[in-house]
2 protein chains.
Amino acid sequence: MDERIRELKSRVQPGDRELVHGVLQRIGDKWSVMAIIVLAKRPRRFTELLDAIPGISRRMLTVTLRQLERDGLVERVFHTQPVPWTEYAVTDMGRSIREPLATVLEWVLDHREEILEHRARYDSSQITALDSRS
Amino acid sequence: MDERIRELKSRVQPGDRELVHGVLQRIGDKWSVMAIIVLAKRPRRFTELLDAIPGISRRMLTVTLRQLERDGLVERVFHTQPVPWTEYAVTDMGRSIREPLATVLEWVLDHREEILEHRARYDSSQITALDSRS
DNA sequence: CTGCATCCACCACGATACTG
DNA sequence: CAGTATCGTGGTGGATGCAG
């Protein structure tokens with residue numbers, strides 16, 4: 001593991017810190033991951049995405065799709081036949097990011113109980129600290 | 001890959017969506033990953049972390065450490081000998097999250113050029129769109 | 001239908017003064 | 001040394017009106 005990290009570190013170039021953090025922020029935002037997951041099943045049009053991603057607003061769907069499009073994870077295809085419409089689809093790169101995402105998901109599922117236990121313990125200790133303060 | 005995703009999905013329980021998103025947000029925030037990386041090398045005291053993480057404020061260091069502590073990724077140890085002081089260290093779980101993080105890092109490095117190319121292309125197309133609008 | 005523009009609420013973060 | 005408290009600011013996201 002430490003070996004792997006050293007190996008990866010040797011590949012990091014000057015501007016990569018910002019890039020890495022940018023990607024981490026993207027997958028940490030509210031809708032990007034969901035959009036990629038939904039689009040990975042099959043391409044959709046704007047309104048279909050609105051329905052397929054419960055709770056998202058038109059604004060955030062637009063913003064999210066533009067960001068993903070900018071990075072090349074999603075592409076927007078314009079059709080004219082039979083009637084004009086827009087279709088969104090994941091690119092190969094967009095599809096490939098599900099791999100690291102799955103690794104994160106797996107880690108969370110593996111440590112689900114441990115995290116929740118720690119939170120419960122931490123929160124209750126904070127409450128008692130507050131109690132003794134009053 | 002799709003097979004792996006299906007397998008992981010079968011393990012997802014009702015409340016896990018929030019939990020997963022919470023973890024993604026944490027690794028997407030500005031300082032958590034850096035704090036874990038620094039602490040993984042060796043334990044540090046508060047002021048050492050302040051120096052080891054360039055640009056972080058005392059406030060954000062406190063906030064970040066408390067969140068990581070709450071989730072059980074970092075532990076705070078109080079010493080009394082020879083003089084009272086505080087020491088922070090990563091837990092086994094905190095150490096283990098470097099694995100999925102490394103996977104994400106690897107993906108970013110693998111797609112560094114492609115992402116930057118897409119951004120450059122997207123941005124220049126936006127500029128021309130703005131030009132034709134004026 | 002597919003957006004973009006605007007306004008607003010909230011939260012993350014930074015600067016800084018203060019405390020045991 | 002190791003924080004906490006307070007304030008200010010920018011960014012993220014939601015609601016909604018308008019347009020091609």
Side-chain angles (χ1 to χ4, degrees), chain A residues 18 21-35 38-39 43-70 74-89 122 125-126 129-130 132-134, chain B residues 18 21-35 38-39 43-70 74-89 122 125-126 129-130 132-134:
Chain A
E18 296 71 17
H21 183 242
V23 172
L24 288 176
Q25 269 195 295
R26 179 107 333 125
I27 67 179
D29 73 20
K30 200 165 178 182
W31 303 110
S32 293
V33 171
M34 181 65 43
V38 167
L39 284 177
R44 314 251 185 167
R45 44 189 357 192
F46 190 82
T47 314
E48 288 178 317
L49 286 170
L50 228 38
D51 296 336
I53 307 175
I56 196 171
S57 64
R58 277 175 301 171
R59 179 180 129 76
M60 286 316 297
L61 180 55
T62 302
V63 170
T64 300
L65 289 171
R66 291 297 167 278
Q67 289 171 336
L68 295 176
E69 188 187 358
R70 184 170 111 98
V74 161
E75 61 182 354
R76 181 161 44 155
V77 184
F78 300 96
H79 298 264
T80 52
Q81 297 300 328
V83 291
W85 89 94
T86 313
E87 189 181 65
Y88 291 92
Y122 182 92
S125 72
Q126 291 306 105
L130 284 175
S132 64
R133 224 165 48 109
S134 63
Chain B
E18 296 73 15
H21 184 242
V23 172
L24 288 176
Q25 269 195 296
R26 178 105 334 123
I27 68 179
D29 74 18
K30 199 165 178 181
W31 303 109
S32 294
V33 171
M34 182 63 45
V38 168
L39 285 177
R44 313 250 187 168
R45 44 197 339 190
F46 190 83
T47 314
E48 287 178 319
L49 285 170
L50 228 39
D51 296 337
I53 307 175
I56 196 170
S57 62
R58 276 174 300 175
R59 178 180 128 75
M60 286 317 296
L61 180 56
T62 302
V63 170
T64 301
L65 289 172
R66 291 298 169 278
Q67 289 171 336
L68 295 176
E69 188 187 358
R70 185 171 110 99
V74 161
E75 61 182 353
R76 180 162 44 155
V77 185
F78 302 96
H79 299 263
T80 53
Q81 298 298 331
V83 290
W85 89 93
T86 313
E87 188 181 64
Y88 291 92
Y122 183 92
S125 72
Q126 292 305 104
L130 284 175
S132 63
R133 225 166 48 111
S134 64

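Chain letters run A, B, ... following the sequence lines, proteins first and then strands; every chain starts at 1.
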For this session: Go through B:Leu65 and B:Arg76 one step at a time and tell me if the side chain to side chain contact (heavy atoms under 4.5 Å, CB included) criterion holds.
Result: CA-CA 9 Å; B:Leu65 289 172; B:Arg76 180 162 44 155; over 6 Å; no

Side-chain donor-acceptor contacts of residues 46-57 of chain A below 3.5 Å, not counting sequence neighbours, with atom names and distances?
| residue | atom | partner | partner atom | Å |
| --- | --- | --- | --- | --- |
| A:Glu48 | OE1 | A:Arg45 | N | 2.8 |
| A:Ser57 | OG | A:Met60 | N | 3.2 |

Exercise. Restricting to pairs with a member in residues 23-33 of chain B, which pass side chain to side chain donor-acceptor pair (under 3.5 Å), not counting sequence neighbours?
Worked result: B:Arg26-B:Asp71, B:Asp29-B:Ser32

Exercise. In whole Å, what is the span from the CG atom of B:Leu61 to the C1' atom of C:dA15?
Worked result: 15 Å

For this session: Heavy atoms only: give me the nearest B:Leu24-B:Ile27 pair and the separation to one decimal.
Result: O-CG1, 3.3 Å

Seminar exercise, completed: Rounded to whole Å, CD of B:Glu69 lies from C1' of D:dG3 at a distance of 13 Å

Exercise. Is the phosphate of D:dG3, meaning OP1 or OP2, less than 4.0 Å from a side-chain N or O of B:Thr62?
Worked result: no

Exercise. So does A:Arg66 get a side-chain nitrogen or oxygen closer than 4.0 Å to the phosphate oxygens (OP1/OP2) of C:dC4?
Worked result: yes

Problem set entry | Rounded distance (Å) that lies between atom P of D:dA2 and atom NE2 of B:His79 | 11 Å

For this session: Give a yes/no on whether any side-chain N or O of B:Thr47 is located under 4.0 angstrom from OP1 or OP2 of D:dC1.
Result: yes

For this session: Nearest whole angstrom, please: distance from the P of C:dT2 to the CG of A:Leu50.
Result: 9 Å

Problem set entry | Value in whole Å for how far the P atom of D:dC1 lies from CZ of B:Arg76 | 17 Å

For this session: Return no unless some side-chain N or O of A:Thr86 is found under 4.0 Å from OP1 or OP2 of C:dG3.
Result: yes

Problem set entry | Length of the CZ-P vector between B:Arg26 and C:dC13, whole Å | 10 Å

Exercise. Looking at residues at least two apart in the chain, or sitting in another chain, which of them share a side-chain hydrogen bond (donor to acceptor under 3.5 Å, both in side chains) with B:Arg70?
Worked result: A:Asp123

Protein N or O to nucleotides 13-19 of chain D N or O, pairs below 3.5 Å:
| residue | atom | partner | partner atom | Å |
| --- | --- | --- | --- | --- |
| D:dG13 | OP1 | A:Lys30 | N | 3.0 |
| D:dG13 | N7 | A:Arg59 | NH2 | 2.5 |
| D:dG14 | OP1 | A:Lys30 | NZ | 2.7 |
| D:dG14 | OP2 | A:Trp31 | NE1 | 3.1 |
| D:dG14 | N7 | A:Arg59 | NE | 3.1 |
| D:dG14 | O6 | A:Arg59 | NE | 2.8 |
| D:dG17 | O6 | A:Arg58 | NH2 | 3.2 |

For this session: Answer yes or no: does a side-chain N or O of B:Tyr88 lie under 4.0 Å from OP1 or OP2 of D:dG3?
Result: yes

Seminar exercise, completed: Separation between OG1 (A:Thr80) and CH2 (A:Trp85), nearest 0.5 Å, reads 8.0 Å

Seminar exercise, completed: So side chain to side chain donor-acceptor pair (under 3.5 Å) across residues 58-68 of chain A, not counting sequence neighbours, yields A:Arg66-A:Tyr88

Seminar exercise, completed: In short, the helix from C:dC1-D:dG20 to C:dG20-D:dC1 is bent end to end, axes from five pairs each side, to 10°, by 30°

Exercise. Looking for any heavy atom pair under 4.0 Å, which part of the strands does B:Phe78 touch: base, sugar-phosphate only, or nothing?
Worked result: nothing

For this session: Could you tell me the separation between the CD atom of B:Glu87 and the C1' atom of D:dG3, rounded to a whole number of Å?
Result: 17 Å

